[in-house]
Amino acid sequence: MSYNFKRILVLAPHADDGETSCGGSISKWLEQGKEVYYVAFSSARKSVPPGMPEDILEKEVKEATQVLGIPPGNLILFNYPVREFPTHRQEILEDMVRLRNEINPELVLLPSTSDTHQDHQTISQEGFRAFKKASIIGYEKPYNNLNFHTDLFVVLEEKHVSRRLEALKCYKSQTVRLAQDNRVFPSADFVLGLANVRGTQIGVKYAEAFEVIRWVIK
Ligand SMILES: [Zn+2]
């Protein structure tokens with residue numbers, strides 16, 4: 001890629017949103033020596049399956065981000081109540097402004113502008129307000145998005161997709177929760193299939209696609 005971002009910030013509404021949507025790109029950028037910061041705004045205590053500890057997602061996100069190679073000091077966790085982000089949007093914005101001043105990222109990843117989940121919309125919209133002077137790209141969540149613009153592609157090697165799959169395995173609580181509901185936490189078939197679809201669009205085996213929300217060339 002012909003850009004040279006050094007500091008990259010991933011904004012995840014819920015603990016697992018970054019790994020499930022752009023884990024391959026995160027792993028590639030870390031391999032290239034870039035600094036990656038990961039912020040999760042909720043560990044979704046209310047969505048933890050019965051019988052599991054309330055803070056299980058906090059443990060899982062620590063493990064999963066380490067599998068990708070994110071240094072523990074670059075993981076920042078907030079505890080906003082899941083599904084109630086819209087009522088906390090001003091506090092969320094203020095947290096983001098603090099993060100901007102501390103980290104000063106050149107590239108920010110957040111949910112796409114067509115994501116229909118209320119917590120994801122809040123992070124997408126407030127993220128734009130806080131980071132509008134940086135480049136911003138929206139990651140893909142096919143089960144949430146009304147539509148999706150594949151504007152930018154990150155070419156991945158098999159090892160990057162494998163690391164994304166390894167990171168997802170850390171989220172045992174989500175696999176259990178969604179299975180109770182007859183839903184499947186992103187399966188290996190889904191992750192490999194989507195990475196292959198996005199790769200096929202640009203003539204490689206695997207890629208992740210992003211919506212370009214803002215692109216700043218310096
Ligand atoms: Zn989420």
Side-chain angles (χ1 to χ4, degrees), residues 8-26 36-49 52 54-65 67-68 70 75-89 91-93 95-96 99 108-131 136-149 164-165 167-187 190-191 194-195 208-211 213:
I8 298 169
L9 173 63
V10 180
L11 299 181
H14 313 113
D16 59 349
D17 283 314
E19 299 91 335
T20 52
S21 313
C22 50
S25 302
I26 293 173
V36 178
Y37 295 83
Y38 191 102
V39 180
F41 287 85
S42 176
S43 53
R45 286 173 177 238
K46 282 191 293 185
S47 300
V48 168
M52 287 191 170
E54 257 201 342
D55 63 350
I56 188 158
L57 263 158
E58 286 162 41
K59 294 200 180 80
E60 290 172 339
V61 70
K62 284 179 189 159
E63 276 173 39
T65 48
V67 167
L68 292 181
I70 297 174
L75 171 67
I76 298 139
L77 299 176
F78 292 103
N79 229 326
Y80 287 100
V82 64
R83 295 186 290 275
E84 293 176 28
F85 285 20
T87 54
H88 294 278
R89 56 192 310 152
E91 295 155 75
I92 288 173
L93 175 65
D95 279 334
M96 286 179 178
L99 290 168
V108 178
L109 283 75
L110 38 68
S112 78
T113 56
S114 58
D115 196 311
T116 55
H117 190 297
Q118 72 266 40
D119 293 347
H120 293 208
Q121 284 175 345
T122 304
I123 297 303
S124 187
Q125 290 167 1
E126 298 307 322
F128 177 78
R129 294 178 68 200
F131 296 100
I136 304 175
I137 56 177
Y139 47 72
E140 180 170 23
K141 297 193 86 71
Y143 31 88
N144 280 11
N145 293 346
L146 205 53
N147 46 45
F148 188 69
H149 286 273
R164 174 170 159 180
L165 286 171
L168 293 189
K169 281 188 201 156
C170 300
Y171 287 103
K172 295 185 181 67
S173 67
Q174 296 308 290
T175 311
V176 171
R177 178 174 76 88
L178 294 172
Q180 286 167 347
D181 218 5
N182 271 334
R183 292 188 288 161
V184 182
F185 187 64
S187 65
F190 170 84
V191 170
L194 183 62
E208 280 169 354
F210 296 88
E211 172 194 15
I213 297 170

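Numbering of residues begins at 1 and proceeds along the displayed sequence. Order of listing sets the numbers, starting from 1, for every ligand and every atom in it.
Aromatic ring centres of H14 and F85: separated by under 6.0 Å.
Checked against the Zn ion (ligand 1), the N, O or S atom of H14 at the shortest distance is ND1. Minimum-distance N/O/S atom of H120 relative to the Zn ion (ligand 1): NE2.
Within the model, atoms OG1 of T20 and CZ of F190 stand 8.5 Å from one another, a figure rounded to the nearest 0.5 Å.
Judged purely by atom type and a 3.5 angstrom limit, Y38 uses its side chain to pair as donor or acceptor with the backbone of A15.
Atom NE2 of H88 has more than 12 neighbouring heavy atoms from other residues, nucleotides or ligands inside a 6.0 Å radius.
Contact annotation: D17 places an N, O or S atom under 2.8 Å from the Zn ion (ligand 1). Taking 2.8 Å as the threshold, H117 does not count as a candidate ligand of the Zn ion (ligand 1), since none of its N, O or S atoms lies below it.
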